[in-house]
Asker: 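Quick one: the structure is below, questions incoming.
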Amino acid sequence: MSDERDQFAELTTVRMCFRDEGDPKGEPLLLIMGLSSQLIHWPQEVVDALGERGYRVIRPDNRDSGLTEWKEAPRQYFLRALARDTVELLDHLGIEQAHVVGASMGGMIAQLLAIEHAPRVRSLCSMMSTPHFSIGMGDGEVLQELAKPLPPERAEAITQIADLYTLIGSKTCADNEHERRLALATEAYDRAQHPDGGARQVTAALIAPGRRRRLQKLRIPALVIHGAEDPLIKIAGGEATHAALADSAYLPLDAMGHDLPEPLLDQVTAAIAENAARA
C-alpha cells in the first residue's frame, strides 16, 4: 500500500522505494532501518524534527523490505549489497555526500558505508547495532520470536508483530507505547510483506566479516546510541562500536530497548543533529 510520499529509484538489482523529506536545500541525511523493518519504522516525529533543523531527510526501504521490489528472482546477497543499494540511491538523487544514520541492521549497513564508501559519508551514527553479529546478540528466545512466521489471518499477524515490538522494545518507557506499537504493526502489515526476505537479511548480517578493525581507521564525526534495555542486540554491541570508532560520541540510554520510544525521540534527534553538525 503506497503513500503519496513514496518515490521509486531504478537501481541495478532493485526498484527502491524511498521518501525524500525535510529541507530540499539542506544537507542530506540518510536514515537506514534494520532487519525486516520499513522506512516507516523511523518515527515521523524524528524525520520532521530533523527537517526543521535544516536537513534533507532521505529514508529508503532496504531490499527485501517495504515497497522495494526485486528486478529479478530474489537471491541471497551480502551485507555490502545493501550498502551498495544506498550508494546507488544517492547517485540517483545526485547526492555526493550524506550524513548516515543506521539502526540495528541499518547500523551495520551504515558502518559498512563509512568503511567501503568513505567519500560518500559526512558523518556516521550507529544505533542499537554492533560491529559483528557475534557481539551482543540476544538469547535464543528473542531470536526465535523474531524468526516466527506470521499467521495467515490479518488480525493475528498484526498482534504477533505488536507483541514482538513489545518483547524487544523499551520497558521503562512502555506505559504509553502499546497504542503506538499496535498502530505501527498495523501500518507495516498493510503496507508490505516479505515472508522470505527476513531470512536473507539475517543471513547477510550473519556472514558479514567483522568491522571493528576497519572502523578503527575512520576519522569522521561518529555517534553511537544504544539502549541498556535492548534484548535483541545488547548494549555490548554499542560499547564495541564506540570503542572501535575513534573519538566517537556515545549516548547510552538506560530506558531504551530495541526501538525508538516516544519519550526519547527528542533526545535521540538532538544527538543525531549535534553529531551531524560536527562535520
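Please read all numbers here as calculations on a predicted model, not as lab measurements.
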Asker: What do you reckon, is CD of Glu72 surrounded by more than 12 foreign heavy atoms closer than 6.0 Å?
Answerer: yes
Asker: Does Lys71, at its NZ atom, have more than 12 non-hydrogen atoms belonging to other residues, nucleotides or ligands within less than 6.0 Å?
Answerer: yes
Asker: Checking Val47 against Arg19 for the side-chain contact (heavy atoms from CB on, under 4.5 Å) test, could you report, in this order, the C-alpha distance in whole Å, the side-chain angles of both residues, the deciding distance, and whether it holds?
Answerer: CA-CA 10 Å; Val47 175; Arg19 292 183 186 175; over 6 Å; no
Asker: Are any non-hydrogen side-chain atoms of Glu177 and Pro263 less than 4.5 angstrom apart?
Answerer: yes
Asker: Would Leu265 end up clustered with Ile225 when hydrophobic side chains under 4.5 Å apart are linked, directly or stepwise?
Answerer: yes
Asker: Keeping Thr68 on the side-chain end and Asp64 on the backbone end, is there a donor-acceptor pair under 3.5 Å?
Answerer: no
Asker: Keeping Arg63 on the side-chain end and Pro74 on the backbone end, is there a donor-acceptor pair under 3.5 Å?
Answerer: no
Asker: Has Glu229 got a side-chain atom pairing as donor or acceptor with Thr172's backbone, closer than 3.5 angstrom?
Answerer: yes
Asker: Using a 4.5 Å cut-off on heavy atoms from C-beta on, say whether the side chain of Ile161 contacts that of Leu150.
Answerer: yes
Asker: Determine, stepwise, if the pair Asp259 / Arg180 fulfils salt bridge (charged side-chain N to carboxylate O under 4.0 Å, His left out).
Answerer: CA-CA 11 Å; Asp259 63 348; Arg180 287 183 76 239; over 6 Å; no
Asker: If we ignore hydrogens and angles and just use 3.5 Å, is the side chain of Arg219 paired with the main-chain N or O of Gln216 as donor and acceptor?
Answerer: yes
Asker: One pair to check against side-chain contact (heavy atoms from CB on, under 4.5 Å): Leu260 and Trp42. What are the steps and the verdict?
Answerer: CA-CA 8 Å; Leu260 291 165; Trp42 287 106; 3.9 Å; yes
Asker: Does a donor on one side chain sit under 3.5 Å from an acceptor on the other, for Glu21 and Gln44?
Answerer: yes
Asker: Quick check against the 3.5 Å criterion: does Thr269 have a side-chain atom that pairs as donor or acceptor with the backbone of Asp266?
Answerer: no
Asker: Looking only at atom types and distance, does a side-chain atom of Arg120 sit under 3.5 Å from a main-chain N or O of Glu96, one as donor and one as acceptor?
Answerer: yes
Asker: Honestly curious: do Val101 and Met128 fall in one hydrophobic cluster under the side-chain, below-4.5 Å linking rule?
Answerer: yes
Asker: Could you tell me whether a side-chain N or O of Asp6 sits under 3.5 Å from a main-chain N or O of Asp3, the two making a donor and an acceptor?
Answerer: yes
Asker: When rounded to the nearest 0.5 angstrom, what distance separates OG in Ser126 from CG in Asn275?
Answerer: 11.0 Å
Asker: Has Glu153 got more than 12 heavy atoms of other residues, nucleotides or ligands less than 6.0 Å from its CD?
Answerer: yes
Asker: Looking at Lys148 and Asp163, does any basic side-chain N land under 4.0 Å from a carboxylate oxygen?
Answerer: no
Asker: Can you check whether Ser36's main-chain N or O pairs, donor with acceptor, with Gln201's side chain at less than 3.5 Å?
Answerer: yes
Asker: Tell me whether Leu164 shares a hydrophobic cluster with Ile158, the cluster being built from Ile, Leu, Val, Met, Phe, Trp, Tyr side chains joined at under 4.5 Å.
Answerer: no
Asker: Test Pro60 against every option in Leu30, Leu39, Leu31 by the side chain to side chain contact (heavy atoms under 4.5 Å, CB included) rule and name the one that passes.
Answerer: Leu30
Asker: If only atom types and distance count, is the side chain of Asp85 paired as donor or acceptor with the main-chain N or O of Glu88 below 3.5 Å?
Answerer: no
Asker: Kindly indicate whether the side chain of Pro252, heavy atoms from C-beta on, has any atom under 4.5 Å from the side chain of His242.
Answerer: no
Asker: Please say whether more than 12 non-hydrogen atoms of neighbouring residues, nucleotides or ligands are located less than 6.0 Å from CD in Glu274.
Answerer: no
Asker: Quick check on Asp247: does its CG atom have over 12 non-hydrogen neighbours (other residues, nucleotides or ligands) under 6.0 Å away?
Answerer: no
Asker: Do Ile115 and Met127 belong to the same hydrophobic cluster, where Ile, Leu, Val, Met, Phe, Trp and Tyr are linked whenever their side-chain heavy atoms lie under 4.5 Å apart, directly or via other members?
Answerer: no
Asker: As a quick check of understanding, evaluate side-chain contact (heavy atoms from CB on, under 4.5 Å) for Arg154 and Thr186, giving each step before the final call.
Answerer: CA-CA 9 Å; Arg154 176 179 179 274; Thr186 302; 3.5 Å; yes
Asker: With a sphere of 6.0 Å drawn around CD of Gln76, does it hold more than 12 non-hydrogen atoms of other residues, nucleotides or ligands?
Answerer: yes
Asker: Tell me whether Ile207 is reachable from Leu35 by hopping between hydrophobic residues (I, L, V, M, F, W, Y) whose side-chain heavy atoms are closer than 4.5 Å.
Answerer: no
Asker: Within a strict 4.5 Å, meaning less than it, do heavy atoms of the Lys234 and Thr130 side chains meet?
Answerer: no
Asker: Grab the two heavy atoms, one from Ser129 and one from Thr241, that are nearest each other, plus how far apart they are.
Answerer: O-OG1, 4.1 Å
Asker: So, do His41 and Tyr165 sit near enough that their side-chain heavy atoms are less than 4.5 Å apart?
Answerer: yes
Asker: Are there over 12 heavy-atom neighbours, none belonging to Tyr77, within less than 6.0 Å of that residue's OH?
Answerer: yes
Asker: Looking only at non-hydrogen atoms, find the nearest pair between Ile135 and Ala236 and report the distance.
Answerer: CG2-O, 3.8 Å
Asker: For the pair Glu239 and His226, evaluate side-chain hydrogen bond (donor to acceptor under 3.5 Å, both in side chains) and give the outcome as yes or no after the intermediate values.
Answerer: CA-CA 8 Å; Glu239 292 169 346; His226 214 110; over 6 Å; no
Asker: Count the heavy atoms belonging to other residues, nucleotides or ligands that lie under 6.0 Å from CZ of Arg5, then report whether that count exceeds 12.
Answerer: yes
Asker: Between Ser65 and Met33, is a side-chain contact (heavy atoms from CB on, under 4.5 Å) present by the stated rule, with each step listed?
Answerer: CA-CA 10 Å; Ser65 71; Met33 193 33 81; over 6 Å; no
Asker: Do Ser123 and Ile220 have side chains that approach each other closer than 4.5 Å (heavy atoms only, starting at C-beta)?
Answerer: no
